[in-house]
Amino acid sequence: MEEILDIMPIDLKNFVLITLYSLVIGLSQRKLYLKEDGYNSFGSDRTFTLIGILGYILYLLDPITMRLYLCGGISIVVILAISYVHKIFMLKRFGITSIMIAFVTYGLAPLIYMKPLWVSVLIVVTVLILTEMKNKFIQFTKRMQDEEFINLAKFLIIWGVILPILPRTEIIEGLDLTPYSIWLATVVISGISYVSYLLKKYVFKDSGIIVSGILGGIYSSTATCVILAKKVLKAENNKFQYISAIFCAITMMYLKFMILLGIFNIDLLKKYCHIFLIMFTFSAIISVIFYFYYRKKESTLDKISAEEYKESNPLEFKVALIFASLFIAFTLITHYTLQYFGDSGLMTLSVLVGVTDINPFLINLFQSNNNVGETILIQAAFQAIISNNVVKMLYCIFFSKKSILKPLILGFGAICITNIILLLIFL
């Protein structure tokens, strides 16, 4: 497409682009009006196309001072103002979306001339998406609880206001622990969990069990495995979904840790991402195998509603406080373990922390400035993951009352053994 456009004269190319953009935007407006029982505002396809062409002509005639273009803009403002007044008093409608889209259409000409092609494409696509998703936005807003807007405001404050102003001075001399690093770790893990929380609660409210396992694995793989294991006891003909969902949660855990590694130590990710990718792929294969193997014996597909699958909001002060406390604790423990027991002590510690939430421990490792070799860091991280997977398996066996004992042992065993083999091969 770009090669064809490069052959054309610049003015002709821009005229074609503006006409096409404006026409597509106008067609989207006509489609919207047809949905609203034939209601029409000041225009649709032809009107928007002509607005775009008018902007092109006036900009082309005086691209330096842009006086003609500004006069044309003022004229359109007057026309749209008259249309809006008529809309208010005669039709009793108050929306200005179409008017704003008309302004965007008129602004395409200088945009296309001054900016790269992808900028105008991005803007037009965004306008089309926002236009088409009007009803979905209304439905989504109705489903959202008032507290969610407060939660969003909380996240914006802790990320955009509090984090930048925190000092980066060490709390304890010689220990790389600052208010900024503590809060950064809390914000990152809370942000990832918050996205998963919103998707599960509003986008996939009554999703299938598999989707619940995927999203829950991003939020908290341990909590998800426990919840799914408990649900198995009530399931009669669809245990294969819960088994597969448990290993979906494990799969997403590897993806989550890979993302965290990329955020806190991109160089380490570039060097060792293949191990995470292999484990992510292998865990996904295990999930698929169990799904289709046990599905042959069962046929019922169940869903988990949001009410059944409750999670605490990751932006709650208590949750953030617990994570920050764990992060500080693991930073201190790791530092003094390395100081007094060396690398062997870190290896032992990485196995022991598997019984707790390993997120703060891994983030601390990924940010480590304790003069620990990269190989030792990755080995300690994966030992903690393997240990945590064993703990998850025991949780699942206990809460499912051994009803899915065989697939749990086979699946978790295969994942842990594969993880150990990869460490022996690549480290």
Side-chain angles (χ1 to χ4, degrees), residues 1-34 40-87 93-137 152 155-156 159-161 163-164 191 195 262-263 266:
M1 180 63 179
E2 290 186 359
E3 293 177 357
I4 296 174
L5 292 175
D6 289 339
I7 298 174
M8 302 169 62
I10 184 67
D11 291 334
L12 176 59
K13 178 187 74 172
N14 290 340
F15 174 77
V16 171
L17 287 175
I18 290 171
T19 303
L20 289 176
Y21 287 160
S22 304
L23 179 59
V24 171
I25 291 174
L27 289 172
S28 70
Q29 290 300 298
R30 179 174 290 280
K31 182 180 178 183
L32 180 64
Y33 299 150
L34 291 174
N40 203 330
S41 183
F42 59 88
S44 56
D45 41 26
R46 292 177 299 171
T47 305
F48 277 84
T49 305
L50 291 172
I51 289 174
I53 293 174
L54 176 63
Y56 168 80
I57 294 172
L58 297 179
Y59 176 80
L60 196 62
L61 289 175
D62 185 17
I64 305 301
T65 64
M66 296 182 65
R67 291 174 182 173
L68 291 175
Y69 182 79
L70 292 174
C71 290
I74 294 172
S75 300
I76 289 179
V77 168
V78 173
I79 294 172
L80 294 180
I82 295 172
S83 174
Y84 187 62
V85 170
H86 174 267
K87 181 179 178 180
R93 292 175 178 265
F94 300 92
I96 63 170
T97 303
S98 297
I99 294 176
M100 298 305 299
I101 293 175
F103 289 146
V104 172
T105 305
Y106 185 72
L108 289 175
L111 182 70
I112 290 177
Y113 272 97
M114 296 178 182
K115 297 296 180 181
L117 178 63
W118 67 266
V119 178
S120 59
V121 173
L122 177 63
I123 290 175
V124 172
V125 169
T126 304
V127 170
L128 295 176
I129 291 174
L130 291 175
T131 302
E132 291 296 321
M133 294 186 67
K134 175 182 177 181
N135 292 330
K136 292 184 179 179
F137 283 139
L152 179 59
F155 180 72
L156 294 176
W159 168 66
V161 178
L163 181 63
V195 172
I263 293 173
I266 187 64

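Just so you know, these numbers come straight off a predicted model, no measurement behind them.
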Using a 3.5 Å cut-off and no angle test, enumerate the donor-acceptor pairs between side-chain atoms of residues 105-112 and protein atoms at least two apart in sequence or in another chain.
residue: Thr105; atom: OG1; partner: Ile101; partner atom: O; Å: 2.8
residue: Tyr106; atom: OH; partner: Tyr69; partner atom: O; Å: 2.6
residue: Tyr106; atom: OH; partner: Gly73; partner atom: N; Å: 3.1

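- Pairs engaging residues 17-26 under the side-chain hydrogen bond (donor to acceptor under 3.5 Å, both in side chains) rule: Tyr21-Ser120 [sequence neighbours left out].
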Contacts under 3.5 angstrom, residues 50-59 side chains, donor-acceptor by atom type, not counting sequence neighbours:
residue: Tyr56; atom: OH; partner: Asp11; partner atom: O; Å: 2.9

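- Summarising the geometry, atom CD1 belonging to Ile129 is positioned 11.5 Å from atom OG belonging to Ser28; distances are rounded to the nearest 0.5 Å.
- Taking each heavy atom of Thr131 and Val127 in turn, the nearest pair found is OG1-O, 2.8 Å.
- Using a 4.5 Å cut-off on side-chain heavy atoms (C-beta onward), Leu80 and Phe103 make contact.
- Evaluation of the salt bridge (Lys or Arg N to Asp or Glu O under 4.0 Å) test over residues 97-108, restricted to residues two or more places apart or in two chains, returns none.
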Exercise. Evaluate the side chain to side chain contact (heavy atoms under 4.5 Å, CB included) criterion for residues Lys13 and Val16: first the C-alpha distance (whole Å), next the side-chain angles of each, then the deciding distance (0.1 Å), finally the verdict.
Key: CA-CA 5 Å; Lys13 178 187 74 172; Val16 171; 5.9 Å; no
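- Pro164 pairs by the side chain to side chain contact (heavy atoms under 4.5 Å, CB included) definition with nothing, not counting sequence neighbours.
- Judged purely by atom type and a 3.5 angstrom limit, Ser83 has no side-chain atom pairing as donor or acceptor with the backbone of Ile79.
- The structure places OG of Ser98 at 11.0 Å from OH of Tyr84, a figure rounded to the nearest 0.5 Å.
- Sorted by first then second residue, the salt bridge (Lys or Arg N to Asp or Glu O under 4.0 Å) pairs that include residues 44-53, not counting sequence neighbours, are Arg30-Asp45.
- For the pair Arg67/Leu70, no side-chain contact is recorded, criterion being any heavy-atom separation below 4.5 Å from C-beta on.
- Between the CG atom of Asn14 and the CG atom of Leu117 there is a distance of 9.0 Å, given to the nearest 0.5 Å.
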